[in-house]
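Heads up: the structure comes next, in structure tokens.
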Protein chains: 2
Amino acid sequence: MAVTIKDVARLAGVSQSSVCRALADPARVRPETRERVERAARELGYHPNRVARSLITGRTGNIGVVLPDLANPFFPTVVKSIQTRARGFDYAVFLSDTDEDPAVEVPAIRALAKQVDGFLLCSPRATDEDLRSFAGEKPIVVLNRRITPFPSVTADNADGMRQVVAHLHALGHRDVAYVAGPRTSWSNRDRLRGLRAATAARGMTLVEAGNVAPTVDGGAAAADLVLAAPVTAVLAYNDLVALGLIKRFQARGVVVPEQLSVVGFDDILVAGLVGPPLTTVAIGKEQIGRVGVDLLLELMADRDSTGTARRVLPTQLIVRGSTGPAFR
Amino acid sequence: MAVTIKDVARLAGVSQSSVCRALADPARVRPETRERVERAARELGYHPNRVARSLITGRTGNIGVVLPDLANPFFPTVVKSIQTRARGFDYAVFLSDTDEDPAVEVPAIRALAKQVDGFLLCSPRATDEDLRSFAGEKPIVVLNRRITPFPSVTADNADGMRQVVAHLHALGHRDVAYVAGPRTSWSNRDRLRGLRAATAARGMTLVEAGNVAPTVDGGAAAADLVLAAPVTAVLAYNDLVALGLIKRFQARGVVVPEQLSVVGFDDILVAGLVGPPLTTVAIGKEQIGRVGVDLLLELMADRDSTGTARRVLPTQLIVRGSTGPAFR
DNA sequence: TTGAAAGCGTTACCAG
DNA sequence: CTGGTAACGCTTTCAA
């Protein structure tokens with residue numbers, strides 16, 4: 001059996017209360033008592049049961065992280081930074097991967113609700129309505145999506161798109177395509193919105209290709225649609241989709257970027273390693289996680305802070321491979 | 001405040017006990033009672049508090065997953081399969097990333113110990129001694145490492161190396177190098193062991209290059225050492241190291257694979273996307289997670305099963321880019 | 001400064 | 001089949 005506070009109390013010859021105090025707030029007991037308790041605890045290898053503690057305090061010391069797909073390299077990076085930051089504040093992390101299924105999200109959150117002090121929802125796919133049903137229940141910070149009344153951490157997608165469009169325009173491109181990600185993705189909608197504005201501002205034409213899964217296969221599936229359109233460059237929802245496009249383009253004998261420029265989004269590790277290297281938009285992934293944790297901690301501290309912070313992190317175009325039609 | 005079993009009991013006009021039974025084992029109450037309880041629970045939106053339950057049952061419904069580095073694409077894949085499998089059995093997953101620091105591992109496990117029913121340790125970096133200190137405390141299944149007295153799930157590294165060496169030998173290679181991963185990695189030791197045996201069996205020479213971090217940067221750091229050695233092919237501890245080698249080789253003007261063949265291990269997604277494509281050894285990453293969960297569930301069920309299962313999963317050479325010196 | 005006791009929400013046990 | 005009550009391990013009053 002596990003060693004409990006009672007065992008420590010017995011060995012130290014004091015009451016449970018004193019053990020509790022000695023360990024939680026050493027200043028509230030006599031030095032001598034503290035000494036005896038500490039020795040007994042060490043001897044027995046006592047570690048307080050956080051589960052039992054949470055029952056009385058209402059605090060669990062855990063935070064729940066829900067995300068759509070760990071197989072997308074974007075998310076592990078975010079999770080890692082969350083985990084690292086959380087550990088620094090002695091919080092443990094529950095992880096739930098919903099496999100891009102909006103229907104799984106609500107039950108997943110519900111299942112964790114009683115064991116966490118708050119949630120970090122990464123790119124949640126559920127409807128606004130479903131997500132709002134959790135408002136007021138537990139502190140929630142949303143990453144990569146903006147939805148009232150939750151605090152959010154997002155990337156400046158519009159500015160990223162502006163940078164991409166400026167770059168492509170300078171290279172001589174006038175007709176571009178966008179391969180959209182999941183309809184349920186706020187980032188997708190935000191990026192498309194920014195892209196539309198940016199292309200319109202420069203009088204460029206924009207062809208939109210259907211919604212695809214945010215994966216390499218999703219990108220490959222949309223490649224032929226893009227080739228059928230009169231464009232010289234294609235922007236993908238994210239890097240994985242971009243890589244899928246390139247893969248299929250190469251299979252069809254289209255030379256990238258000479259014949260067709262491809263631009264991704266996210267700047268996942270692989271973007272810099274593939275050949276041809278992928279031009280993309282970098283997001284501070286570690287920062288998203290870190291800021292998200294900080295916001296959540298704040299929210300969990302003052303329970304009734306309005307907590308409508310909307311942190312928008314900068315994006316940065318990373319030029320690697322794209323060339324313009326002028327050089328063809 | 002959250003709705004408790006008492007609220008349901010009051011509304012349904014029955015005792016706590018009946019509510020508990022009606023929800024846990026509907027067959028043990030009168031259909032009419034069951035009906036009333038279920039309606040009351042639904043009406044109030046009651047969800048049992050798993051924390052409180054675990055206090056009395058001793059079961060938490062959680063499993064802890066500890067791994068060295070989520071930034072290594074190998075692990076997210078494993079975690080995803082663990083998470084998916086665990087969800088199927090209604091288990092939630094605690095995730096702890098130790099950042100390749102052996103010293104963090106023991107405290108990380110200790111911190112989670114009270115809130116989980118068992119552990120899945122992925123490629124643990126701690127010493128055998130430290131890990132054994134947990135024997136008997138909680139069910140533990142170790143992935144990617146073999147260590148008594150824990151059940152384990154590993155890949156057949158030796159056979160993978162055998163396949164690689166046979167392939168390289170057939171291509172005409174006789175002198176190869178190995179860039180070792182972390183000294184603390186069992187997989188690294190196991191792969192090196194297999195490689196030594198395989199090269200010795202064919203009378204090939206093997207040059208071993210220092211231990212590096214299992215990252216792209218680690219690989220890049222070892223590249224020049226490899227170039228200084230009289231070899232025609234180099235095997236890397238894993239794909240990330242292989243990609244780092246290639247990156248640096250290209251920077252030094254060495255053409256891969258014509259001038260130097262590079263082989264990785266793990267077959268992470270990016271291996272098939274880079275140019276030149278990476279020859280590597282595939283491991284059933286999803287299978288590792290799945291089998292690990294199954295083994296752990298078994299272990300958690302019969303508390304005193306010896307549980308010394310050692311599942312070794314097959315590996316498969318994936319030939320993509322490597323060529324032999326004969327074609328130079 | 002310390003000890004006794006209540007209570008967190010649930011399940012398990014024992015009468016009825 | 002049902003209700004009352006103890007118990008899980010801890011923190012937090014409340015007295016002493």
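In what follows, chains carry the letters A, B, and so on, assigned in the order in which the sequence lines appear, proteins first and then strands, with residues in each chain numbered from 1.
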Query raised in the report: With respect to the phosphate group of D/dG3, does any side-chain polar atom (N or O) of B/S18 fall under 4.0 Å of OP1 or OP2?
Result: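 Indeed, a polar side-chain atom of B/S18 lies that close.
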
Query raised in the report: Do any side-chain nitrogens or oxygens of A/R30 fall under 4.0 Å of OP1 or OP2 in C/dT2?
Result: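 For A/R30, the contact criterion (side-chain N or O under 4.0 Å from OP1 or OP2 of C/dT2) is met.
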
Query raised in the report: Considering only heavy atoms from C-beta outward, does the side chain of B/V141 approach that of B/S152 to under 4.5 Å?
Result: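 A side-chain contact is absent here, since even the closest heavy-atom pair is not under 4.5 Å.
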
Query raised in the report: Partners of A/E137 by salt bridge (charged side-chain N to carboxylate O under 4.0 Å, His left out), sequence neighbours excluded?
Result: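 Partners of A/E137 under the salt bridge (charged side-chain N to carboxylate O under 4.0 Å, His left out) test: A/R110.
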
Which whole-number value in Å describes the distance from [X] [atom1] to [N] [atom2]?
X	N	atom1	atom2	result
B/E35	D/dT2	CD	P	13 Å
B/Y46	C/dG9	OH	P	10 Å
A/D25	C/dT1	CG	P	11 Å
B/L44	C/dG9	CG	P	14 Å
A/I5	C/dA5	CD1	P	16 Å
B/D7	C/dG9	CG	P	9 Å
A/H47	D/dG9	NE2	C1'	16 Å
A/R28	D/dT13	CZ	P	11 Å

**Report entry** Candidate nucleotides C/dG3, C/dT1, D/dT2, ranked by approach to the side chain of B/V29 - the nearest
**Finding:**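 Nearest listed nucleotide: D/dT2.
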
Query raised in the report: In terms of side-chain heavy atoms, does A/N62 have a donor or acceptor partner in B/Q115 at a distance below 3.5 Å?
Result: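 The answer is yes; a qualifying pair exists.
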
Query raised in the report: Does the side chain of B/N144 pick up a donor-acceptor pair with the side chain of B/T154 at under 3.5 Å?
Result: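 Checked: B/N144/B/T154 side chains show no N/O donor-acceptor pair below 3.5 Å.
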
Query raised in the report: Going through the checks in order, is the side chain to side chain contact (heavy atoms under 4.5 Å, CB included) test met by A/Q83 and B/L70?
Result: CA-CA 10 Å; A/Q83 151 78 46; B/L70 215 45; over 6 Å; no

Query raised in the report: Contact class for B/T33 vs. all strands (heavy atom < 4.0 Å): base, sugar-phosphate, or nothing?
Result: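 If one applies the 4.0 Å heavy-atom cut-off, B/T33 turns out to touch the sugar-phosphate alone, with no base involved.
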
Report task. Identify whether any heavy atom of A/V51 sits under 4.0 Å from a base atom; if not, whether one sits that close to sugar-phosphate; answer base, sugar-phosphate or nothing. Result ->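 The answer is nothing, as A/V51 stays clear of every strand by at least 4.0 Å.
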
Query raised in the report: Salt bridge or not for A/D69 and B/K80, using N-O below 4.0 Å?
Result: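 A salt bridge links A/D69 with B/K80.
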
Which atom pairs link the protein and nucleotides 4-8 of chain D when you take only N or O atoms and keep those under 3.5 Å?
residue : atom : partner : partner atom : Å
D/dG4   : N7   : B/S17   : OG           : 3.1
D/dG4   : O6   : B/S17   : OG           : 2.7
D/dC8   : O2   : B/I56   : N            : 3.3

**Report entry** Full working for side chain to side chain contact (heavy atoms under 4.5 Å, CB included) between B/F74 and B/I288
**Finding:** CA-CA 11 Å; B/F74 177 85; B/I288 291 182; 4.2 Å; yes

